[in-house]
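All remarks here apply to the structure that follows.
So you know, we letter chains A, B, ... as the sequences are listed, proteins then strands, and number each from 1. Computed from a predicted structure; not experimentally measured.
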Protein chains: 2
Amino acid sequence: MKSVLAAAPGPAKKGSTRKKGWALGSDIGADLETQIIEGRLSPGAKLDEVTIGNHYSVSRTPVREALRALAAKGLVEFQPRIGAIVARPTVGEVMDLFEVVAELEGVAARLACERMDEADEKLIVETHHSCIEAASSLDPKKYYQTNGQFHEAIQKAAHNQMLSEQIEHLNKRLSPYRRFITFRPGRTETALREHEEVFSALLKRDGAAASTALRDHVRVLAEDTLALARSLKF
Amino acid sequence: MKSVLAAAPGPAKKGSTRKKGWALGSDIGADLETQIIEGRLSPGAKLDEVTIGNHYSVSRTPVREALRALAAKGLVEFQPRIGAIVARPTVGEVMDLFEVVAELEGVAARLACERMDEADEKLIVETHHSCIEAASSLDPKKYYQTNGQFHEAIQKAAHNQMLSEQIEHLNKRLSPYRRFITFRPGRTETALREHEEVFSALLKRDGAAASTALRDHVRVLAEDTLALARSLKF
DNA sequence: TGCGTACGTCGTGTATACACGAAGCCTAAT
DNA sequence: ATTAGGCTTCGTGTATACACGACGTACGCA
């Protein structure tokens, strides 16, 4: 009955081939998030609701909800009367974020020493070796990825889901800046030495040493990244 | 001209006394957040969009956006075909969250030892004394509040805005469970002794001791809270 | 009387319509 | 020619309308 009276400007018709259509907002949010993380949307980039909606063949509503969710996560900022832009934290905020990540990764290393089982250790060993391989391949992109797997393996070994989520979340906010470092020559060798230190401490179950080593490893990364970003942009 | 042609089912008319109406979603989100934190909305409580909209004399749209934002923050969960409910993490998740908070507060204590200036130290001393006073007043509510101020003072002294935000955010997610502990008799005395330990380590600028003491303080709180919650609900 | 099916109601997901502020541009006046 | 003022256009914030799945209830049939 209801669906027959037509005449009214019925929605969900020009959308052409809509199939499931039940979590559009989430999908769009995830895709936008990926684009921000991968650097295709730079900090400060304007996120026009209509443009994005057209791109996904969706109306503004789900786009707005996706943007709100990203804003709550800190990846997007809303400026009154302007709209949404990709979050552009200050240098100080980026430094603070890096520091928190470094501390959290240090915590993960310490907890991993206490809690990791054989499977965790196996994964850590494997990813560490993958890092060495990737470093020798001289493919920055590959090393960037493998490096992430090593860090993830440690977080997994800490057996604290919330800790992993927090680290992942903060890393997402930092990824636009972190990517700079991929291009820094000589960085890989230093990183690998630091990895080695973390690695041996983990195998020895020396929580304090592993924590300090991993924390400092991330700190160094942060300093290099910020120095590089400064030299490029200011 | 435009505003005169009426006839069309113009919006913003039945809303009666709307004045500014430009950030409704944020306001609603903040208010809902407060209600969740203060325990007026318990975990699992259903958040009906229309009901909430009526309560604030607003349509569903800003309510939806507010709920999406809260969901991204982890305070609200969306269940397909059911709608939004106040987040109800598992016991394991709550334990993990507590652990992360404990670690972060420990980090804050260590950083505070390195970075606090006179004003920070003054605030720490003042809030510590307020805690002692509040404890002797035997007013749990008052102690709960003063205790929070002491912890905040330490975070402030760490001079890392992002660290403070993370701790605050996680504490919001934990607040429904944290409130249990207010009613536990004898808890205050123990907490005060632990505070004393943190306090003296801070004054001595002993980062390691302050970090451990504060971390363990939060850990004990977590254990007590979980034990109490379990005894009440299971 | 018990069970199955169908219909009605409810609530969310999405689309569209309108209001309101802001910025840019054009015109006119000094 | 330059500047000031108004108008047009653009884009966001909010409200409303429609679509669609789920749950509950009632009626009919065995």
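Distance, E65(B) CD to dA15(D) P: 10 Å, rounded to whole Å. Spacing between atom CG of N54(B) and atom C1' of dG11(C) amounts to 13 Å, rounded to whole angstrom units. One interatomic measurement links the two molecules: CG of L47(B) to C1' of dT12(C), which rounds to 14 Å at whole-angstrom precision. Rounded to whole Å, atom C1' of dG21(C) lies 16 Å from atom CD of Q79(A). As rounded to whole Å, 8 Å separates atom C1' of dG11(C) from atom CD of E49(B). For the pair D48(A) CG and dG13(D) C1', the interatomic distance rounds to 14 Å; values are reported in whole Å. Following rounding to the nearest Å, L67(A) (CG) and dG11(D) (P) show an atom-to-atom distance of 15 Å.
Remark on DNA chain C: of its neighbouring residues I82(A) and I82(B), the 5'-side contact belongs to I82(B), judged by nearest-heavy-atom nucleotide. For the pair R60(A) and F78(B), both in contact range of DNA chain C, the more 5′-proximal nearest nucleotide belongs to F78(B).
OP1 or OP2 of dT14(D) has not a single side-chain nitrogen or oxygen of T61(B) nearer than 4.0 Å. For K46(B), a side-chain nitrogen or oxygen approaches OP1 or OP2 of dT12(C) to under 4.0 Å. R64(A) has a side-chain polar atom (N or O) that falls below the 4.0 Å cut-off from OP1 or OP2 of dG13(D).
In terms of the salt bridge (Lys or Arg N to Asp or Glu O under 4.0 Å) criterion, residue partners of D216(A) (sequence neighbours excluded) are, by chain and number, R219(A). Taking the ring-ring contact (aromatic ring centres under 6.0 Å, His included) definition, one finds that H159(A) meets it with nothing, sequence neighbours left out.
Under a 3.5 Å cut-off, the side chain of D120(A) and the backbone N or O of D117(A) do form a donor-acceptor pair.
E99(A) and R115(B) are joined by a salt bridge, as a carboxylate oxygen and a charged side-chain nitrogen come within less than 4.0 angstrom of each other.
Considering only side-chain atoms of P62(A), the nucleotide from dT12(C), dG11(D), dA15(C) that sits closest is dA15(C).
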